[in-house]
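Have a look at the structure below before the remarks.
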Amino acid sequence: MNLMAQCRFSLFLLAFFCFFGVLNASPGDSDPIYKTCVEQCEKTGCVGNKCFQHCNFSSDGNPIDGPWYLQEPLYMRWKQWDCRSDCRYECMLSREEERRKLGNKPTKYHGRWPLRRIYGIQEPVSVALSALNLAVQFHGWVSFFILVNYKLPFRPNKSTFYEYTGMWHLYAIFAMNTWFWSAVFHSQDVELTEKLDYSSGVALLGYSLILATIRAFNVRLEAARVMVAAPIIAFTTTHILYLNFYQFDYGLNMIVCTIMGALQLILWAVWAGVTRHPSCFKLWVVVSGGAASMLLDIYDFPPYWGLVDAHVLSLATTIPLTYLWWSFARDDSEFRTSMLIKKTK
């Protein structure tokens, strides 16, 4: 009972911080000095002594000398910055420098902290950490694949004893896809990469909730699994379609992701508390670390050195947690296989 009460209280805290984060606007957007700077830059193509060639337009509104991305060096064409994004970035840096001299703390612009680009990469630290998460996910999946297919015994029909092998393989696909698009999105924030990143994240959370429900309740019948998965798939798909084709609502998406993430953490926490699984300690660490990672994303703070913010720390915490998570998956497959072999004897 105490465990359930703690889980409900944790969910309440997550929801509270979620709504608190939604209510916070971006004060940098309404700063008159910043707005004036962006408007002048879009007309003149310059911020101070720095000018952008692709902000030069002819009388009919078309860029002079063709599209701007054809006028840049080949190694820089991939970033696809347009006039407005460059103006916003330079005006943001200029305004933040003025605020720093006045002793003011950094503020958000268009929902994001003022992070510095490096070699055209919008959030270099987040890109590196997303790539590391992708590598750890791949390593964990390969080690799990080798274990269940080459080291553990098979049933007489050549299938694995472990009933959740296919679900973990599918989880790996969702996870690696999510971290790939996370790296792309943090490299370049445009509408397409943003939608792919958010949609992939929602899909991973939805499937993770299915995996948590089926494993925690030990659902083995295919019909029962379909009954568990169908409503979650329907809800997740509807939310992704809503974001992509109706309205890209950041606040709503934060609420949905927080609730789905909290639900699966609660499921794993309760299951770890009542089961006698030999690796429940690893599960407790992953659940605790996952909750801390979620709170870092919700309870935001200004970046240090223009590079490291709360989201960066959240990405960093998932790297060791992912390694431990796949270690639990391997332990679970060995544990279930040994139990099933004993029952067949």
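Residues: numbered from 1 along the sequence shown.
Looking only at side-chain heavy atoms (C-beta outward), Trp181 and Val184 come within less than 4.5 Å of each other. When side chains are defined from C-beta on, Thr236 counts as touching Met260, because their heavy atoms get closer than 4.5 Å. Put simply, the side chain of Glu96 does not reach to within 4.5 Å of the side chain of Asn104, judged on heavy atoms. Looking only at side-chain heavy atoms (C-beta outward), Gln137 and Val142 stay at 4.5 Å or farther from each other. With a 4.5 Å cut-off on side-chain heavy atoms, Val312 and Leu129 count as touching. Using a 4.5 Å heavy-atom cutoff, the side chains of Phe154 and Val148 are not in contact. Using a 4.5 Å heavy-atom cutoff, the side chains of Tyr89 and Leu93 are in contact. Using a 4.5 Å cut-off on side-chain heavy atoms (C-beta onward), His239 and Leu252 make contact.
Between the side chain of Ser293 and the backbone N or O of Gly289, no donor-acceptor pair lies under 3.5 Å. Thr317 places a side-chain N or O within 3.5 Å of a backbone atom of Ser314 that can act as its donor or acceptor partner. Of the possible donor and acceptor atoms, none in the side chain of Asn253 sits under 3.5 Å from a partner among the backbone N and O of Phe248. Proximity of a side-chain donor or acceptor of Ser199 to a complementary backbone N or O of Lys195 within less than 3.5 Å is detected. Within the 3.5 Å criterion, the main-chain N or O of Ala234 finds no donor-acceptor partner in the side chain of Thr237. Looking at Asn244, its side chain does come within 3.5 Å of a backbone N or O of Ile240 through a donor-acceptor pair.
Follow the hydrophobic side-chain contacts under 4.5 Å out from Met339 and you never reach Val274; the two are in separate clusters. Put simply, Leu241 and Ile232 are part of two different groups of oily side chains (I, L, V, M, F, W, Y) that touch within less than 4.5 Å, one to the next. One hydrophobic cluster holds both Trp179 and Leu170 under the rule that ILVMFWY side chains link at heavy-atom gaps under 4.5 Å. Following chains of ILVMFWY side-chain contacts shorter than 4.5 Å, one cannot reach Ile214 starting from Met227, and the two form parts of different hydrophobic clusters.
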| request: Just do the ring-ring contact (aromatic ring centres under 6.0 Å, His included) check on Tyr171 and Trp168 with the steps written out, would you? | output: CA-CA 5 Å; Tyr171 169 83; Trp168 280 104; 5.7 Å; yes
| message | Quick one, Ser182 with Ser130, criterion side chain to side chain donor-acceptor pair (under 3.5 Å). Give me CA distance, side-chain angles, the key distance, then yes/no. | response | CA-CA 6 Å; Ser182 174; Ser130 295; 2.8 Å; yes
| field | Pair Phe185-Leu192, side-chain contact (heavy atoms from CB on, under 4.5 Å): steps then yes or no | value | CA-CA 9 Å; Phe185 169 66; Leu192 177 61; over 6 Å; no
| request: Let me see the working for Trp326 and His139 under ring-ring contact (aromatic ring centres under 6.0 Å, His included), right down to the final yes or no. | output: CA-CA 9 Å; Trp326 279 106; His139 173 270; 9.9 Å; no
| request: For side-chain contact (heavy atoms from CB on, under 4.5 Å), just list the numbers for Thr193 and Asp197, CA-CA rounded to whole Å, side-chain angles, deciding distance to a tenth of an Å, and then say yes or no. | output: CA-CA 6 Å; Thr193 59; Asp197 175 55; over 6 Å; no
| request: Start with the C-alpha distance between Ser143 and Arg330, add both sets of side-chain angles, then the distance that settles side-chain contact (heavy atoms from CB on, under 4.5 Å), and finish with yes or no. | output: CA-CA 8 Å; Ser143 62; Arg330 293 192 298 270; 2.7 Å; yes
| field | Derivation of the side-chain contact (heavy atoms from CB on, under 4.5 Å) call for His186 and His311 | value | CA-CA 11 Å; His186 289 300; His311 184 62; 3.2 Å; yes
| CA sep, side-chain torsions, deciding dist, call: Glu194, Tyr250, side chain to side chain donor-acceptor pair (under 3.5 Å) | CA-CA 11 Å; Glu194 183 178 49; Tyr250 295 96; 2.6 Å; yes
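Ser333 pairs with exactly one of Leu147, Thr165, Thr160 by the side-chain contact (heavy atoms from CB on, under 4.5 Å) rule, that one being Leu147. Applying the side-chain contact (heavy atoms from CB on, under 4.5 Å) test between Tyr162 and each of Leu340, Asp332, Leu152 identifies Asp332 as the sole match.
Annotation for Arg225: atom CZ counts as buried by contact number, over 12 foreign heavy atoms lying within 6.0 Å. Counted within 6.0 Å of CG on Asn157, heavy atoms from surrounding residues, nucleotides or ligands total more than 12; the atom is thus considered enclosed. By the 6.0 Å contact criterion, CZ on Phe335 is enclosed, its count of non-hydrogen atoms from other residues, nucleotides or ligands being greater than 12. Within 6.0 Å of the CZ atom in Phe217, the count of heavy atoms belonging to other residues, nucleotides or ligands does not exceed 12. The number of heavy atoms from other shown groups lying within 6.0 Å of CZ (Phe138) does not exceed 12.
Across Trp268 and Ala212, no two heavy atoms sit closer than the pair NE1-CB, 3.3 Å.
To the nearest 0.5 Å, the span separating SG on Cys87 from CD on Gln40 amounts to 10.5 Å. Taking CH2 of Trp141 as the start and CD1 of Ile146 as the end, the distance is 9.5 Å to the nearest 0.5 Å. Atom-to-atom distance recorded for Leu211:CG and Tyr207:OH is 6.0 Å, nearest 0.5 angstrom. In this structure, NE2 in His277 is found 7.0 Å from CG in Asp331, a value given to the nearest 0.5 Å. Atom CZ of Phe161 and atom CD1 of Ile341 lie 5.0 Å apart (nearest 0.5 Å). Atoms CG and CD1, on Leu205 and Ile210 in that order, are 11.5 Å from each other to the nearest 0.5 Å.
In this structure, Trp284 has its ring center no closer than 6.0 Å to that of Phe281.
Sulfur-to-sulfur, Cys91 and Cys37 sit under 2.5 Å apart at their SG atoms.
The pair Arg99-Asp31 fails the salt-bridge criterion, with no side-chain N (NZ, NE, NH1 or NH2) lying under 4.0 Å from an Asp/Glu carboxylate O. The pair Glu98-Arg95 meets the salt-bridge criterion, with a side-chain N (NZ, NE, NH1 or NH2) lying under 4.0 Å from an Asp/Glu carboxylate O.
Note on ring orientation: taking the six-membered ring where Trp is involved, the planes of His169 and Phe145 are tilted (angle from 30° to 60°).
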